2 protein chains.
Amino acid sequence: MSDQKVLSGQKRPGGRSARVREAVRQATLAELAEHGYGGLTVENVAARSGVHKTTVYRRWGGVEGLIADALELAREEPWPVPDTGSLRGDLRALAVLVQSSFPDAIASAFVAAAMQNEAAARALRAFYEARHRQAAQIVRRAVDRGEVGPGVDAEELVRLAVAPVFARLFVTREPVTREDAIRAADAALAAALAGVLG
Amino acid sequence: MSDQKVLSGQKRPGGRSARVREAVRQATLAELAEHGYGGLTVENVAARSGVHKTTVYRRWGGVEGLIADALELAREEPWPVPDTGSLRGDLRALAVLVQSSFPDAIASAFVAAAMQNEAAARALRAFYEARHRQAAQIVRRAVDRGEVGPGVDAEELVRLAVAPVFARLFVTREPVTREDAIRAADAALAAALAGVLG
DNA sequence: GCACTAACGCAACTGGAGTTGCCTTTGAGC
DNA sequence: GCTCAAAGGCAACTCCAGTTGCGTTAGTGC
């Protein structure tokens, strides 16, 4: 069914195929932003991109593949890792970044997609792995400054700082304020200083 | 479209209507357990329950209504609030409970459903509000024992203890071990003892 | 126990997502 | 610049979720 191998191992990466892929990727993101994951259909993506729907079905295999491909695109994009000069400030900025960027329909569409199909789940996991790895430099800088001991698990601290925001946004569905995000970051820092993270 | 008012304000709660509702509720849970949210269709629920699909569409309005109704049912069910004798033990038990119960397809189906439609999201939020309120007694008991100060935000501490588990399970899609859950609980406790939660 | 109507069952219909067979275009290799 | 196969376009089809109009059943109230 799904033949996503084709997406990475193009036999003809040069001309039309590349253009088609780009058009479909952009159309997918636009559709996600407008209608969310539930409203994402191959037909709409095909119409918006100017690519025939048969082609989309053949190369992406359906909605699943579109999401996975768009996620791959998103992962490659750079993002600003906070650098405020202090660990507390960085963690707070990170948590607030997550809190404020997720009303964005695209981001939550990705999470919704991952709940429904395995390909999207794998892609999302890879996405966050990359993010966590990058965000860990916040902690490494703090270690260099002597703010925390070198034994602390950097990525774990990052996860801990943003986890409450994620849980509220996606699981318990509570509204999340900027203050909630800051408190989550502070709690994570307190736990790290208490030695819970190694 | 959706006419869920009918579900609570039955004109004929006595006989057939009640039986139909119960049959559909059970069928919905069974279908969710087997096929998850993505595989939940009105037709299958109708077939399994022995109720005609037209009836299901009219009373529940579609998949959305089925989910919301099933969630209401789940909320009413009692669950065992941990009571190990210490706050640390209770929080750990709580986090492990969440970690171990969520490979359960029904639970994650609810979360998936909430991502896609507003009715399910409202129902899920009410569900977790009830759970958090009940779990808060863990903290109140600890206050009585003098383990933490009376100023600590009880529900917030509960949320903090389970949030990393939720985030891993549903957002970043990482595998979650029992040790991860325990560490999350310990981190929340450390934050509370450090005075971050009020 | 009788009438009345809310609620359920039924079958036929609608619409759109996904599939298939065939033809046309395009770019890679020589 | 010519050839050839991979990739895209097209139209017609299937299939199934969701809808509608109408007939049937069974609680409720008297």
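Letters go in sequence order (proteins before strands), and every chain restarts at 1. Every value quoted in this text rests on a predicted model; they were computed, and no experiment measured them.
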### Query
Rounding to a whole Å, what distance do you find between B:Leu40:CG and D:dG18:C1'?
14 Å
#### Entry: Closest to side chain of B:Arg19, choosing from D:dG27, C:dC8, D:dG8
D:dG27
### Task
Report yes if a side-chain nitrogen or oxygen of B:Thr54 is closer than 4.0 Å to either non-bridging phosphate oxygen (OP1 or OP2) of C:dG9; otherwise report no.
no
### Query
For B:Glu174 and B:Thr172, what are the C-alpha separation, side-chain angles and deciding distance, and is it a side chain to side chain donor-acceptor pair (under 3.5 Å)?
CA-CA 6 Å; B:Glu174 299 161 279; B:Thr172 64; 2.6 Å; yes
### Query
Salt bridge or not for A:Arg183 and A:Asp180, using N-O below 4.0 Å?
yes
### Message
Please report whether the ring centroid of A:Tyr128 lies less than 6.0 Å from that of A:Phe166.
### Response
yes
### Query
Can you tell me how far C1' of D:dA17 sits from CH2 of B:Trp60, to the nearest Å?
18 Å
### Query
Does the D:dG18 base have a donor-acceptor partner in the side chain of B:Arg58 within less than 3.5 Å?
no
### Query
What is the distance from NE2 of A:His52 to C1' of D:dG9, rounded to the nearest Å?
6 Å
### Task
Rounded to the nearest angstrom, tell me the gap between atom CZ in A:Arg59 and atom P in C:dT19.
17 Å
### Query
With respect to the phosphate group of D:dT19, does any side-chain polar atom (N or O) of B:Tyr57 fall under 4.0 Å of OP1 or OP2?
no
### Spacing of A:Lys53 atom NZ relative to D:dA11 atom C1', expressed in whole Å
10 Å
### Query
With the 4.5 Å side-chain cut-off for hydrophobic clustering, are A:Val96 and A:Ile138 part of the same group?
no
### Task
Check the distance between C:dA17's P and A:Asn44's CG and give it to me in whole angstrom.
7 Å
